Enquirer: 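This is the structure I have questions about; it appears just below.
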Amino acid sequence: MLVPRVWSSVRPGLSKVLSRTLGGWPSGEGRRMDLSGIYPPVTTPFTATAEVDYGKLQENLHKLGTFPFRGFVVQGSNGEFPFLTSSERLEVVSRARQALPKDKLLLAGSGCESTQATVEMTVSMAQVGADAAMVVTPCCYRGRMSSAALVHHYTKVADLSPIPVVLYSVPANTGLDLPVDAVVTLSQHPNIVGIKDSGGDVTRIGLIVHKTRSQDFQVLAGSAGFLLASYAVGAVGGVCALANVLGAQVCQLERLCLTGQWEDAQKLQHRLIEPNTAVTRRFGIPGLKKTMDWFGYYGGPCRSPLQELSPAQEEALRLDFAGNGWL
């Protein structure tokens, strides 16, 4: 088994890292990273007995690697990371790095509920090959997650992270939006390079771009459903679940926006809205995995407590794609 090997190999370095002062990493702090482009947030494949299928993960990545993506996100919400052990999370990152070309960025979701656990996971993911850490907002005690608490959390993580940090706001899952004032404050940190914003509020995305314009800070749209609008207000790319099945089309939308072909971009965006909603808000990860099976990838089952789609849901999902000409 490779999982225990990976975990044991990263543990010895943690005590050294965590003993540093909050002044951070002298050699790593302040490294900048160009995030512009499209990233599929890859799913975690499971066997029929709910074990992580690392072989299928690498097969999916090899197929997705044929598209002009900037990189890949692993262990984001689509990766079912709350259902994985720490060892599994690290092994997924390690296997993904092995499967990807060196020029593809690997963003790894390292968020945990506590600051200390997030620091440990971030350092460990860096050691197994992550290029940047995407850190979701802690949300278990969301009533206490004020701007001050979140700024404190992210600052400590960024101070101790050997790789750049990307903020991650996904209120549909956490019930918590990372406040704009907190984002603006954190944008000034030399090791925080951007944010993935999945809330779908384009005015908020535009405001973040505007308020952080004096910083070297980048905004990624968190869904293909509002990708065109996000580019229009200054986003540099997107982390789009739909790119797992319609990778060529999402990259085409990116190109149309970047070259100012707004009329064609609008037409394509319209055709992507319903399929995107189906694999995100309407049917979620089970819908995305089912669609992956249709498009020649391995979707497979989810890990419990997520459940498979009913026949009626599967038919509705199919209609959302077929009705827009994708099936």
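Scope of the values below: all heavy atoms of this structure, side chains included, with no hydrogens, waters or symmetry mates. Bear in mind that the values here come from a model prediction, so they are computed numbers and not experimental data. Numbering starts at 1 and runs along the sequence shown.
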Enquirer: Are the side chains of Cys240 and Glu254 in touch, meaning some heavy atoms are under 4.5 Å apart?
Expert: no

Enquirer: Would you say the side-chain atoms of Ser161 pair up with the backbone N or O of Ala158, donor to acceptor, closer than 3.5 Å?
Expert: no

Enquirer: Which pairs, with at least one residue in residues 72-124 and sequence neighbours excluded, count as a ring-ring contact (aromatic ring centres under 6.0 Å, His included)?
Expert: Phe69-Phe72

Enquirer: Under the side-chain hydrogen bond (donor to acceptor under 3.5 Å, both in side chains) rule, what pairs show up with a residue in residues 128-141, not counting sequence neighbours?
Expert: Arg97-Asp131

Enquirer: Ignoring hydrogens and angles, write down the donor-acceptor pairs under 3.5 Å from the side chains of residues 243-250, residues two or more places apart or on other chains.
Expert:
| residue | atom | partner | partner atom | Å |
| --- | --- | --- | --- | --- |
| Asn244 | ND2 | Pro41 | O | 3.1 |
| Asn244 | ND2 | Ala241 | O | 3.0 |

Enquirer: Please list all pairs passing the side-chain hydrogen bond (donor to acceptor under 3.5 Å, both in side chains) test where one or both residues lie in residues 222-242, with sequence neighbours left out.
Expert: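 Matches after skipping sequence neighbours: Ser223-Asn276.
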
Enquirer: For the pair Ser310 (side chain) and Gln313 (backbone), establish whether a donor and an acceptor sit closer than 3.5 Å, ignoring hydrogens and angles.
Expert: yes

Enquirer: Donor-acceptor pairs under 3.5 angstrom involving side-chain atoms of residues 198-209: please list them, not counting sequence neighbours.
Expert:
| residue | atom | partner | partner atom | Å |
| --- | --- | --- | --- | --- |
| Asp201 | OD1 | Thr203 | N | 3.1 |
| Asp201 | OD1 | Thr203 | OG1 | 2.4 |
| Asp201 | OD1 | Arg204 | N | 3.2 |
| Arg204 | NE | Asp197 | OD2 | 2.6 |
| Arg204 | NH1 | Leu178 | O | 2.9 |
| Arg204 | NH2 | Leu178 | O | 2.7 |
| Arg204 | NH2 | Asp197 | OD2 | 3.1 |

Enquirer: For Thr291, what residues pass the side-chain hydrogen bond (donor to acceptor under 3.5 Å, both in side chains) criterion, not counting sequence neighbours?
Expert: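 By the side-chain hydrogen bond (donor to acceptor under 3.5 Å, both in side chains) rule, Thr291 matches no residue at all.
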
Enquirer: Which residue pairs satisfy the ring-ring contact (aromatic ring centres under 6.0 Å, His included) criterion with at least one member in residues 275-301, sequence neighbours excluded?
Expert: Phe295-Phe321

Enquirer: Donor-acceptor pair, distance only, cut-off 3.5 Å: does the side chain of Thr118 make one with the backbone of Cys112?
Expert: yes

Enquirer: May I ask you to check whether Thr47 and Thr49 show a side-chain donor-acceptor distance below 3.5 Å?
Expert: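 Side-chain D/A pair, Thr47 to Thr49: present.
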
Enquirer: Applying side-chain hydrogen bond (donor to acceptor under 3.5 Å, both in side chains), name anything that partners Arg303, two or more places apart in sequence or on another chain.
Expert: Glu88

Enquirer: Quick check on Arg142: does its CZ atom have over 12 non-hydrogen neighbours (other residues, nucleotides or ligands) under 6.0 Å away?
Expert: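 Counting other residues, nucleotides and ligands, CZ of Arg142 exceeds 12 neighbours.
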
Enquirer: What residue pairs, at least two apart or across chains, pass side-chain hydrogen bond (donor to acceptor under 3.5 Å, both in side chains) with a residue in residues 55-65?
Expert: none

Enquirer: Do the side-chain N and O atoms of Thr259 and Gln261 include a donor-acceptor pair separated by under 3.5 angstrom?
Expert: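 Per modelled atom types, Thr259 and Gln261 side chains form a pair under 3.5 Å.
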
Enquirer: With sequence neighbours excluded, tell me which residues meet salt bridge (Lys or Arg N to Asp or Glu O under 4.0 Å) with Asp293.
Expert: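 Applying salt bridge (Lys or Arg N to Asp or Glu O under 4.0 Å) to Asp293 gives none.
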
Enquirer: Applying side-chain hydrogen bond (donor to acceptor under 3.5 Å, both in side chains) as the test, list every pair that has at least one member in residues 169-179; sequence neighbours left out.
Expert: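 Residue pairs with at least one partner in residues 169-179: Ser77-Asn173, Ser169-Asp177.
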
Enquirer: Please name all residues satisfying side chain to side chain contact (heavy atoms under 4.5 Å, CB included) with His270, sequence neighbours left out, ordered by chain then number.
Expert: Gln266, Ile273

